[in-house]
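These numbers were taken from a predicted model, which means no experiment stands behind them.
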Amino acid sequence: MNQCLPVNAKMSKAKKVLDEARETQNRELDLVDKGLVSFEELPGLFNMANITRLTLSHNKISIISPGIANLLNLEILNLSNNQLGELPVSLSSMPKLRILNVSINRLDNLPRGFGAFPVLEVLDLSYNNLNEHVLPGNFFGMETLRALYLGDNDFEYIPKEVGQLKNLQILGLRDNDLLELPREVGDLARLRELHIQNNRLQVLPPEVAQLDLLSNKSVMKMEENPWVNPIAEQYLLGISHVIEYLKTETYKIIYNRHMQAGRSGPPPPKADKSKKASRVRA
């Protein structure tokens with residue numbers, strides 16, 4: 001029904017939510033689908049220092065005001081499904097932010113120092129226009145990170161520094177342009193979910209077999225990749241067969257040969273992403 005409301009009505013609904021939160025000292029603000037275009041439509045928001053959760057998904061916000069860092073008690077920030085083209089540097093200084101969701105936006109860069117979040121546990125950057133060249137140098141310094149979602153972006157490679165995320169349990173890399181995974185993925189001892197489906201991967205580093213991806217609560221998704229025949233054959237039998245095969249000396253030889261030859265040969269073709277919503281400019 002919201003789509004039928006005039007802009008002023010939507011703004012007044014957002015203001016009403018803010019006023020009610022102030023009166024009741026509500027620590028959670030829900031501003032989903034309010035037709036918001038700017039933080040200027042939320043007067044006094046950055047003075048509400050008691051807020052712990054702020055949900056602004058399904059709006060049309062293109063810029064996050066740096067003043068958001070004034071929300072010193074904020075733990076959860078959801079800005080998914082907006083029109084964000086960039087993020088403020090101040091975001092990573094927020095002392096209590098544990099969950100940040102900026103998926104389904106138009107991000108093609110990240111601010112310098114973005115990896116400085118002191119306690120961030122879940123970071124969702126999926127469905128944007130990011131690649132390995134725009135990750136700031138300290139991106140993989142977020143030691144508290146438990147889940148990292150980078151699906152539906154433009155990554156061809158994941159930097160080897162990913163192995164520094166010692167507490168990572170979920171790594172989402174589906175629907176990118178990945179040509180290879182770094183061997184350092186095997187250093188992610190706590191990883192329980194690995195999503196690499198729909199990429200351009202032909203081989204996996206043998207180190208993946210070191211991970212606990214076969215227990216009842218573990219998930220490994222690897223379909224829709226142009227795997228070399230031996231991996232493709234094992235995959236038909238199941239993920240456990242793939243993992244066991246990665247441990248063999250035969251596979252290590254295949255992997256080394258492929259890595260030596262693969263970089264000089266033509267890579268598998270990219271998927272056409274020209275019609276992605278994140279590509280569309282207003």
Side-chain angles (χ1 to χ4, degrees), residues 2-3 7 10-11 14 29-42 45-46 54-69 71 74 76-94 97 99-117 120 122-140 142 145 147-159 171-178 195 197-200 270-282:
N2 258 3
Q3 285 86 341
V7 172
K10 289 187 176 183
M11 284 176 62
L29 272 183
D30 184 346
L31 292 162
V32 176
D33 195 18
K34 293 288 188 284
L36 298 169
V37 174
S38 163
F39 276 87
E40 292 176 4
E41 298 169 48
L42 300 169
L45 171 64
F46 300 144
L54 177 57
T55 305
L56 286 159
S57 55
H58 296 272
N59 284 291
K60 297 178 181 178
I61 299 168
S62 58
I63 295 176
I64 303 176
S65 169
I68 197 157
L71 301 177
L74 196 66
I76 300 171
L77 176 58
N78 186 345
L79 277 152
S80 66
N81 217 324
N82 275 279
Q83 297 176 7
L84 299 174
E86 59 184 39
L87 301 175
V89 174
S90 63
L91 204 58
S92 58
S93 68
M94 300 181 74
L97 195 65
I99 299 174
L100 174 61
N101 185 346
V102 286
S103 64
I104 318 178
N105 276 287
R106 300 175 181 178
L107 300 173
D108 54 20
N109 67 80
L110 293 174
R112 57 184 171 78
F114 186 73
F117 291 97
L120 197 67
V122 178
L123 175 58
D124 193 343
L125 291 164
S126 55
Y127 215 94
N128 280 287
N129 302 319
L130 301 170
N131 60 54
E132 59 271 22
H133 304 297
V134 302
L135 297 181
N138 69 342
F139 184 81
F140 294 105
M142 294 180 273
L145 213 57
L148 175 60
Y149 299 99
L150 295 173
D152 272 298
N153 278 287
D154 301 321
F155 289 92
E156 291 192 340
Y157 300 94
I158 297 298
L171 179 56
L173 299 170
R174 61 174 177 73
D175 294 285
N176 275 282
D177 294 313
L178 287 176
H195 300 265
Q197 62 268 44
N198 202 13
N199 278 286
R200 300 154 74 197
K270 285 186 178 184
D272 179 13
K273 299 183 181 180
S274 60
K275 293 185 171 63
K276 261 182 75 174
S278 58
R279 295 279 197 271
V280 177
R281 297 296 171 190

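Using a 4.5 Å heavy-atom cutoff, the side chains of L84 and I61 are in contact. Taking the side chain as every heavy atom from C-beta outward, L135 and F155 approach each other to under 4.5 Å.
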Original post:
Step by step, would you call L100 with L91 a side-chain contact (heavy atoms from CB on, under 4.5 Å)?
Top reply: CA-CA 10 Å; L100 174 61; L91 204 58; 3.9 Å; yes
Original post:
Does the pair S65 and F46 meet the rule for a side-chain contact (heavy atoms from CB on, under 4.5 Å), with working shown?
Top reply: CA-CA 10 Å; S65 169; F46 300 144; 3.4 Å; yes
Subject >> Worked check of side-chain contact (heavy atoms from CB on, under 4.5 Å) between F114 and V134 >> reply: CA-CA 11 Å; F114 186 73; V134 302; over 6 Å; no
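Atoms CD and CG, from Q197 and L178 in turn, are 11.0 Å apart once rounded to the nearest 0.5 Å. For the atom pair CG of L123 and OG of S103, the computed distance is 10.0 Å after rounding to the nearest 0.5 Å. Residue L42 holds its CG atom at 8.0 Å from CG of L54, rounded to the nearest 0.5 Å. Here OG of S126 is found 6.0 Å from CZ of R174. Values are rounded to the nearest 0.5 Å. In this structure, CG in L45 is found 7.5 Å from CG in L56, a value given to the nearest 0.5 Å. The distance from atom CG of L120 to atom CG of L145, rounded to the nearest 0.5 Å, is 5.5 Å.
The heavy-atom pair separating V102 from L79 by the smallest distance is CG1-CB, 4.2 Å. Taking both residues in full, the closest heavy atoms of I76 and L97 are given as N-CD1, 4.0 Å, listed atom of the first, atom of the second, then distance. Heavy atoms only, all atoms of each residue included: M94 and I68 are closest at CE-O, 3.4 Å. Nearest heavy-atom pair, N128 versus I104, reported as atom, atom and distance to 0.1 Å: ND2-N, 4.1 Å. Considering all non-hydrogen atoms of both residues, L110 and P136 come closest at CB-CD, 3.9 Å. The minimum heavy-atom distance between E156 and E132, with the atom names listed, is N-OE1, 3.0 Å.
Of the N and O atoms on the side chains of N176 and N199, not one donor lies less than 3.5 Å from an acceptor on the other residue.
Every residue meeting the side chain to side chain donor-acceptor pair (under 3.5 Å) condition with N78, not counting sequence neighbours, appears here in chain and number order: S80.
N59 places a side-chain N or O within 3.5 Å of a backbone atom of G35 that can act as its donor or acceptor partner. Between the side chain of N138 and the backbone N or O of G115 there is at least one donor-acceptor pair closer than 3.5 Å. Between the side chain of N105 and the main chain of L107, no donor-acceptor pair closer than 3.5 Å is present. Checked by atom type and distance alone, the side chain of N82 pairs as donor or acceptor with a backbone atom of K60 at under 3.5 Å.
Around atom CD1 of I99, more than 12 heavy atoms belonging to other residues, nucleotides or ligands sit under 6.0 Å away.
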